[in-house]
Amino acid sequence: MKAFLYILAVVFAGDCVNSLFLPGRDYGQRSSASALSRFSRIRRLPRPTHRVINPEEDCFLVTSEEGELFFKSPSDDPVVCGIYMIAEPDKRIEVIFNYIDVPCENGGLVAWVDGWELNGQVWPADAWNDDRLVESCDRRPSRKLVSSQNAALVQYRVPARGKGFSVIIRHLKNTKPCNVMLFGAEGVYTLRNHGETGNCSMLAVSPATVHVLDLNIGVAIKKGRLLEMETGTIHHCTKRGLSDYVDIGGANGLDHTKMEVYDSVCGLDSNEARRPAFIACEDTVVRLVSSGRYHNSVTLAFAPLPLEDIEHADLMCGLNDL
Ligand SMILES: *[C@@H]1O[C@H](CO)[C@@H](O)[C@H](O)[C@H]1NC(C)=O
């Protein structure tokens, strides 16, 4: 596996969420909670935007906008920065380098990641392969850069004053979203396997409450129609030898394959769960594991975890490490 341009942990020290760039606003003007909930409700118009990356403030830039971004290096320092792109759950992200004028000397580099990387962890981590990382310096990548899910990353290090690059970000339709990143944990989402084998996940980059509203996992067989029995919610599905299930839990970091599981459920249940799960982890994760024999779906309501509920959360990540 190729080496990543690990962004210095220093960039993320302190409260990341407060320092994120949110569309149409300046830094830290409001509380992060209201900024985040606003973020999740935004319906963007496809208007082209042009934005110049401010090297002072935007080293860790999160953007949900389409448009063109310019970067011009203010110094010869080998600082690593990132453009964290996110789109609606049913979108993919396309990046086109309009120009790259980044000398390869002194470690000058621009890298595309099909996913997000933070503190050495990548998302989505299952099915990682080297095709998901494209590095370049003095020329534009020869390949089309389109992400597999609604999040992607451009990392860059331009240790040459006055040099830089520009990227055009576009959001494309994704007819079969499997892995979905939620930025601002609020809303109702359905996670599906589209009848396929493998794992799909939903990751909210914050602590959250997760309420299962509708469950259809390991029941609707793909070929032939049987009467589908409402089984109710089944817990501990793997212990019962059932192949398809959904894990609800969290992780401290983006790698959801290292998630801590609070509950694991399957079955057919059109009634919502009695109560939501309170997940006090850096990231809230729902992971659907599918054998490929069934059409699986789970509908979930996410909401931010109220601060006062953290101490009696159902799951607190990292307690086992203490
Ligand atoms: C999907 O998840 C299961 C259970 O965690 C794991 O055994 C399997 O290897 C995963 N599949 C892929 C393609 O990552």
Side-chain angles (χ1 to χ4, degrees), residues 1-2 4 89 92 113-133 146-153 174-182 189-205 208 210 212 215-222 231 233-269 277 279 281-300 302 314-321:
M1 185 156 140
K2 289 187 222 169
F4 279 105
R92 298 172 188 269
V113 182
D114 179 5
W116 278 19
E117 182 272 321
L118 207 57
N119 298 328
Q121 296 196 5
V122 287
W123 177 87
D126 23 26
W128 175 265
N129 65 54
D130 285 349
D131 282 350
R132 289 176 53 195
L133 180 68
V146 179
S147 66
S148 317
Q149 63 288 312
N150 70 326
L153 167 64
N174 185 357
T175 51
K176 288 185 177 179
C178 171
N179 290 300
V180 173
M181 177 170 285
L182 306 175
Y189 305 92
T190 300
L191 188 59
R192 297 173 199 284
N193 71 328
H194 308 280
E196 283 167 26
T197 309
N199 304 323
C200 293
S201 68
M202 203 163 266
L203 180 133
V205 211
V210 184
V212 177
L215 190 67
N216 185 349
I217 294 176
V219 177
I221 51 170
K222 288 201 308 194
T231 59
T233 299
I234 302 167
H235 296 266
H236 311 295
C237 306
T238 39
K239 285 194 193 129
R240 293 164 194 258
L242 300 167
S243 55
D244 293 36
Y245 56 93
V246 65
D247 283 339
I248 296 169
N252 285 339
L254 290 181
D255 186 349
H256 59 224
T257 62
K258 297 190 183 123
M259 75 183 278
E260 294 180 30
V261 177
Y262 162 65
D263 201 2
S264 180
V265 294
C266 62
L268 182 64
D269 196 342
I279 309 293
C281 301
E282 270 174 41
D283 301 302
T284 305
V285 182
V286 175
R287 187 152 175 263
L288 174 62
V289 175
S290 304
S291 61
R293 292 199 295 274
Y294 307 95
H295 278 290
N296 295 326
S297 69
V298 54
T299 301
L300 308 139
F302 281 78
D314 297 303
L315 177 70
M316 266 195 223
C317 283
L319 286 188
N320 296 338
D321 307 342

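Counting starts at 1 for both ligands and their atoms, in listed order. This structure is a prediction, so every number in the text was calculated from the model and none was measured.
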* Taking atom 9 (O) of ligand 1 as the reference point, report whether a protein heavy atom occurs under 4.0 Å from it. => no

* To do: Tell me which part of Tyr245 gets within contact of ligand 1: side chain, backbone, both or neither, using heavy atoms under 4.0 Å.
  => side chain

* Structure fact -> For Cys178, the side-chain contact (heavy atoms from CB on, under 4.5 Å) test, sequence neighbours excluded, returns Cys200

* Is there a side-chain contact between His256 and Asn199 (heavy atoms, below 4.5 Å)? -> no

* Counting only heavy atoms not in His236, do more than 12 sit closer than 6.0 Å to its NE2 atom? -> no

* Only counting residues at least two apart or in another chain, list the ones meeting side-chain contact (heavy atoms from CB on, under 4.5 Å) with Thr299. => Val188, Thr190, Leu213, Asp214

* Structure fact -> for atom 6 (C) of ligand 1, nearest protein heavy atom and its distance come out as Asn199 ND2, 4.2 Å

* Asked: Between Asp126 and Thr257, does any side-chain donor sit less than 3.5 Å from a side-chain acceptor?
  -> no

* To do: Quick one: look up the protein heavy atom nearest atom 5 (O) of ligand 1 and list residue, atom name and how far away it is.
  => Arg287 NH1, 3.3 Å

* To do: Return yes when at least one protein heavy atom is under 4.0 Å from atom 2 (O) of ligand 1, and no when none is.
  => yes

* At what distance is the nearest protein heavy atom to atom 14 (O) of ligand 1, and which residue and atom is it? -> Asp126 CB, 3.3 Å

